[in-house]
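Inspection log for the structure reproduced underneath, given as structure tokens.
For ligands, and for the atoms within them, numbers begin at 1 and follow the listed sequence.
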Amino acid sequence: MEDEECPDLVPIGGAGETEPGPGRRIPVTIITGYLGAGKTTLLNYILTEQHNKRIAVILNEFGEGSALEKSLAISQGGELYEEWLELRNGCLCCSVKDNGVKAIENLMQRRGKFDYILLETTGLADPGAVASMFWVDSELGSDIYLDGILCVVDAKHGLQHLTEEKPEGLVNEASRQVALADLIIINKTDLVSEEELNKVRTSVRSINGLVKILETQRSRVDLSNVLDLHAFDSLSGISLQKKLEHVKTTHAHLDKAITTVTFEVPGNIKEENLNLFIQNLLWEKNVKDKTGRTMDVIRLKVIVQGVHELYDLEETKVAWKEDEKRTNRLVLIGRNLDKETIKEVFIATVREKQRNS
Ligand SMILES: Nc1nc2c(ncn2[C@@H]2O[C@H](COP(=O)(O)OP(=O)(O)OP(=O)(O)O)[C@@H](O)[C@H]2O)c(=O)[nH]1
Ligand SMILES: [Zn+2]
């Protein structure tokens, strides 16, 4: 994460101009949650629901390459928001104060085009570091305020993430995210039994005893429960500083064993071959790195999106143009990932087979 560039703000689409009253501060809601929990799904849901708000979005993706996939996912929500902003290549963990503050300052230059900001952090970010920029920068404080920190928890894999033992010196990001949240959304309840759901609920409670918990499928929430929480108002909420002190403020470093691999392979692929590749990687777990360790994929994104051993095939609305070069983009996040090997296996499974058939 050390050599990351400063984030760039990338506006997408035009905007209508209406100035909010001078001096009105803009609320910011931080959306956290472990890899694949349903943050983008939530973002999309909020953007497409009726909210009578013009919402600007700041994204922070882990690793290169996934911004495209993300923007495809979001822009399905289309006209309902005025600005699209993307925080590229930023590690909000280490570079949060400079990059995060800069991103929001840049965004504020387009003041008047939006009246709410949603900030989605990478699944591995330490929300404490993200949140702390709201009091570190007093200049910023006159323009915006932190409305609340949401944390999306995967009902199926959340327990595993929350209880995972980390090597010394590393903080369990998932439990820290839960600890700092003002609202927990346990998502994907369709994938678990009532008993499993109970366990996740109990685990969340044991980390954050007071937090309000919602349970959802496809991150469908009542918007009045997630926006305008005023969680840190002096009257209603505990101060952010207090909260961060309480939750332990040492810099939580990312688990360096988790890496991101991105590659592209040109050409068409058949769905059945792609399925075979994914089965080997996620289920059979017979893809090894050069030293013989099994590659452990936590998150897989293609036009296919996978979470652990589950994946959905989703068709994007964006069709290939006639003369466009067709390419397959894969983004994998996990442990022991070896790009060369994965790419070789991918080509062998998906493309060679195709030639033979
Ligand atoms: N079965 C089921 N799948 C869901 C639900 N919500 C989201 N998903 C799927 O879970 C996958 C991950 O969802 P995302 O919204 O992309 O998760 P994310 O937290 O933004 O992921 P990262 O940005 O990679 O950390 C996608 O394939 C979703 O379609 C749900 O309630 N049930
Ligand atoms: Zn760090």
Side-chain angles (χ1 to χ4, degrees), residues 29-48 57-77 86-93 118-127 130 149-158 160-162 173-174 176-178 181 184-193 196-197 200 213-221 226 254-255 258-262 274 278 282 297-317 329-334 337:
T29 293
I30 298 179
I31 302 176
T32 67
Y34 203 72
L35 297 168
K39 299 179 294 294
T40 305
T41 308
L42 176 65
L43 207 53
N44 259 323
Y45 183 72
I46 296 176
L47 291 173
T48 47
V57 178
I58 300 176
L59 293 180
N60 175 235
E61 269 289 84
F62 185 65
E64 25 127 22
S66 37
L68 173 73
E69 178 267 340
K70 207 74 160 188
S71 67
L72 282 180
I74 298 281
S75 35
Q76 290 175 8
E86 177 195 307
L87 190 53
R88 268 202 308 223
N89 300 326
C91 166
L92 278 180
C93 157
L118 294 177
L119 194 164
E120 181 189 337
T121 68
T122 118
L124 297 171
D126 170 10
V130 183
I149 304 173
L150 312 183
C151 177
V152 187
V153 174
D154 185 326
K156 180 87 184 167
H157 301 105
Q160 183 193 330
H161 299 147
L162 288 173
E173 306 90 357
R176 206 173 144 79
Q177 289 168 354
V178 167
I184 302 282
I185 299 167
I186 300 182
N187 186 42
K188 308 195 189 181
T189 56
D190 55 307
L191 298 178
V192 294
S193 65
E196 287 174 283
L197 188 57
V200 182
I213 302 176
L214 301 176
E215 285 156 21
T216 61
Q217 295 183 7
R218 302 255 153 220
S219 304
R220 295 174 161 274
V221 286
V226 295
L254 299 178
D255 183 347
I258 299 179
T259 54
T260 302
V261 163
T262 313
L274 181 63
I278 291 169
L282 302 187
V297 179
I298 301 173
R299 190 84 172 91
L300 167 70
K301 303 185 186 189
V302 202
I303 302 169
V304 190
Q305 296 207 316
V307 180
H308 287 261
E309 61 275 0
L310 292 170
Y311 70 97
D312 295 343
L313 271 177
E314 282 174 29
E315 275 181 50
T316 54
K317 302 220 170 90
R329 179 195 285 263
L330 281 87
V331 180
L332 301 102
I333 302 176
L337 299 185

Which heavy-atom pair separates [X] from [Y] by the least distance, and what is that distance?
{"X": "E215", "Y": "L197", "value": "OE1-CD2, 3.6 Å"}
{"X": "A37", "Y": "V152", "value": "CB-O, 3.3 Å"}
{"X": "S219", "Y": "G38", "value": "OG-O, 2.9 Å"}

Backbone or side chain, does any N or O of [X] fall under 3.5 Å from an N or O of ligand 1?
{"X": "K188", "answer": "yes"}
{"X": "S219", "answer": "no"}
{"X": "G33", "answer": "no"}
{"X": "G38", "answer": "yes"}

Short side-chain to backbone donor-acceptor contact, T216 and V221, under 3.5 Å: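 Flag not set: sc T216 to bb V221 has no pair under 3.5 Å.
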
Quick check on G36 - does any of its heavy atoms sit under 4.0 Å from an atom of ligand 1?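 The answer is yes: ligand 1 sits under 4.0 Å from a heavy atom of G36.
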
Ligand 1 contacted by E120 (non-hydrogen, < 4.0 Å):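 Under 4.0 Å: yes for E120.
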
Does E196 have any side-chain contact (heavy atoms from CB on, under 4.5 Å) partners at least two apart in sequence or in another chain, and if so, which?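 In terms of side-chain contact (heavy atoms from CB on, under 4.5 Å), with neighbours along the sequence ignored, E196 is linked to K156, V192, S193.
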
For a side chain to side chain contact (heavy atoms under 4.5 Å, CB included) with E120, tell me which candidate from L150, I30, T29, T40 qualifies.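 The passing option is T40.
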
At under 4.0 Å between heavy atoms, which part of L43 makes contact with ligand 1: side chain, backbone, both or neither?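 Under 4.0 Å from ligand 1, L43 contributes no heavy atoms.
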
Ligand 1 versus D190, non-hydrogen atoms closer than 4.0 Å: side chain, backbone, both, neither?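 Side chain only.
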
Please round to the nearest 0.5 Å and tell me the distance separating atom CG of L43 and atom CD1 of I31.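 One finds 5.0 Å between CG of L43 and CD1 of I31.
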
Rounded to the nearest 0.5 Å, how far does OG1 of T41 lie from NZ of K188?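 Spacing of NZ (K188) from OG1 (T41) equals 7.5 Å.
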
Under 4.0 Å from a heavy atom of [X]: which atoms of ligand 1 are those, numbered in the order shown and with their elements?
{"X": "L35", "value": "25 (O)"}
{"X": "N187", "value": "5 (C), 6 (N), 7 (C), 31 (O)"}
{"X": "L191", "value": "1 (N)"}

